[in-house]
Amino acid sequence: MAREVIHIQLTQRQIDIIEFVQNQSPVTSDQIAEYLNVNRATLRSDLAVLVMLGYLDAKPKVGYFPGKAKNESNWSSRLEDMKVRDVQGVPFVISMNATVQDAVISLFLENVGSLIVTDQRGALAGMVSRKDLLKVTLGNQSAPTMPVSLVMTRQPKIVTVEPDDSVLTAAKKLMSNEIGMLPVVRVSVDEEGVEYLEPIGRVTKTTMTEILLSLATEPFAKDGNSV
């Protein structure tokens with residue numbers, strides 16, 4: 001069977017990063033952030049993906065420099081072979097009947113950026129993020145008792161992945177939608193025979209960074225080369 005090739009369209013910021021590194025390398029993430037007038041945390045996922053795809057290389061205590069073209073197909077192939085089910089994390093879920101205060105507590109206890117919201121069946125109903133909660137709580141004394149369902153982003157606006165999707169597909173969705181987390185879902189059937197999406201995991205920008213660190217060492221060690 002022929003391999004399906006997935007093309008990732010770079011964002012303008014990612015193109016600007018590549019051009020800056022090509023002209024100024026080696027450069028640190030702080031220098032890139034200053035050049036683009038953004039904070040370093042904003043660039044974390046962009047830099048991780050650009051290194052994964054071979055556009056950039058990185059050395060500890062040195063910085064970023066242009067990647068080698070010969071590595072691009074190797075990175076893409078390995079990311080396409082990896083499946084979401086092999087890298088997904090545990091989903092952090094809250095009921096749509098929970099209050100905003102419940103959501104705030106859960107976010108900080110779990111130290112995550114967003115929560116998956118489910119209905120009484122356990123079906124994906126929406127997502128709520130720190131940004132959503134911050135917007136509703138500022139200057140609103142009644143916010144803590146409000147149901148999460150009033151402030152969440154509702155399905156079907158939620159971008160999801162399935163366990164058998166490739167990691168490359170997940171990376172593409174995170175990049176193109178500029179989001180921090182993807183719920184991993186499977187199709188289930190309720191007591192009335194109606195299909196629904198059941199959240200069974202999550203893939204985040206942190207997940208992608210961890211994969212980057214793994215791939216950055218393993219492939220080169222096997223080839224006997226150094227980055």
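A donor-acceptor pair under 3.5 Å is absent between the side-chain atoms of Asn177 and the main chain of Ile179, judged by distance alone. A donor-acceptor pair under 3.5 Å is absent between the side-chain atoms of Glu110 and the main chain of Leu107, judged by distance alone. At distances below 3.5 Å, not a single donor-acceptor pair connects side-chain atoms of Lys59 with backbone N or O atoms of Tyr64. Thr42 places no side-chain N or O within 3.5 Å of a backbone atom of Val38 that could act as its donor or acceptor partner. Judged by distance alone, the side chain of Asp190 and the main-chain N or O of Val194 form a donor-acceptor pair under 3.5 Å. Without hydrogens or angle criteria, Ser106 side chain to Asp102 main chain gives a donor-acceptor distance under 3.5 Å. Listed for the Arg13 side chain is no donor-acceptor partner under 3.5 Å among the backbone atoms of Asp46. Using a distance-only test at 3.5 Å, with no hydrogens or angles considered, a donor-acceptor pair links the side chain of Ser95 to the main chain of Asn97. The closest donor-acceptor contact from the side chain of Arg202 to the backbone of Val90 lies under 3.5 Å. When atom types are taken as modelled, the side chain of Gln24 and the backbone of Val21 share no donor-acceptor pair closer than 3.5 angstrom.
The closest side-chain heavy-atom distance from Leu115 to Met127 is not below 4.5 Å. Residues Pro144 and Thr137 fail the side-chain proximity criterion, which asks for heavy atoms closer than 4.5 Å. At least one side-chain heavy atom of Pro66 sits less than 4.5 Å from a side-chain heavy atom of Ser25. Taking 4.5 Å as the limit, some side-chain heavy atom of Arg85 sits within range of a side-chain heavy atom of Asp164. At a threshold of 4.5 Å between non-hydrogen side-chain atoms, the residues Met152 and Val117 count as touching. The side-chain heavy atoms of Thr169 and Lys173, taken from C-beta on, include a pair separated by under 4.5 Å. Using a 4.5 Å heavy-atom cutoff, the side chains of Ile32 and Leu43 are in contact. Using a 4.5 Å heavy-atom cutoff, the side chains of Val184 and Pro163 are in contact.
The closest side-chain donor-acceptor pair between Asn23 and Glu19, if any, does not fall under 3.5 angstrom. Side-chain contact check for Asp132 and Ser129: at least one donor-acceptor pair (N or O, by modelled atom type) lies under 3.5 Å. Looking at Thr204 and Thr207, their side chains do bring a donor and an acceptor atom within 3.5 Å of each other. If you check the side chains of Asn140 and Ser142, you find a donor sitting under 3.5 Å from an acceptor.
Placement of Leu124 and Val112 in two distinct hydrophobic clusters is found when ILVMFWY residues are connected by side-chain heavy-atom separations under 4.5 Å, directly or transitively. Ile94 and Phe108 fall within the same hydrophobic cluster, where Ile, Leu, Val, Met, Phe, Trp and Tyr residues are linked whenever their side-chain heavy atoms come under 4.5 Å apart, directly or through other members. Both Val203 and Ile211 are assigned to one and the same hydrophobic cluster, defined by single-linkage of ILVMFWY side chains at heavy-atom distances under 4.5 Å. When the side chains of ILVMFWY residues are joined at heavy-atom separations under 4.5 Å, either directly or via intervening members, Met181 and Val93 end up in a single hydrophobic cluster. Residues Val185 and Ile200 do not share a hydrophobic cluster, clusters being chains of Ile/Leu/Val/Met/Phe/Trp/Tyr side chains in contact below 4.5 Å.
Within a 6.0 Å radius of CZ in Arg44, no more than 12 heavy atoms belonging to other residues, nucleotides or ligands are found. Within 6.0 Å of atom CD in Glu178, 12 or fewer heavy atoms from other residues, nucleotides or ligands are found, so the atom counts as exposed in its surroundings.
In this structure, Asp30 pairs ionically with Arg40, as a charged nitrogen and a carboxylate oxygen lie closer than 4.0 Å.
Here the CD atom belonging to Gln14 is positioned 9.0 Å from the CG atom belonging to Leu47, to the nearest 0.5 angstrom.
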* Report the C-alpha distance between Val159 and Leu182 in whole Å, list the side-chain angles of each, state the deciding distance to 0.1 Å, and finish with yes or no for side-chain contact (heavy atoms from CB on, under 4.5 Å). => CA-CA 6 Å; Val159 182; Leu182 293 168; 3.6 Å; yes
* **Verdict with supporting geometry, Ile17 and Leu36, side-chain contact (heavy atoms from CB on, under 4.5 Å)** => CA-CA 8 Å; Ile17 292 172; Leu36 297 176; 3.5 Å; yes
* Passes salt bridge (charged side-chain N to carboxylate O under 4.0 Å, His left out), Lys83 versus Asp165? Steps please. -> CA-CA 6 Å; Lys83 300 301 180 183; Asp165 286 339; over 6 Å; no
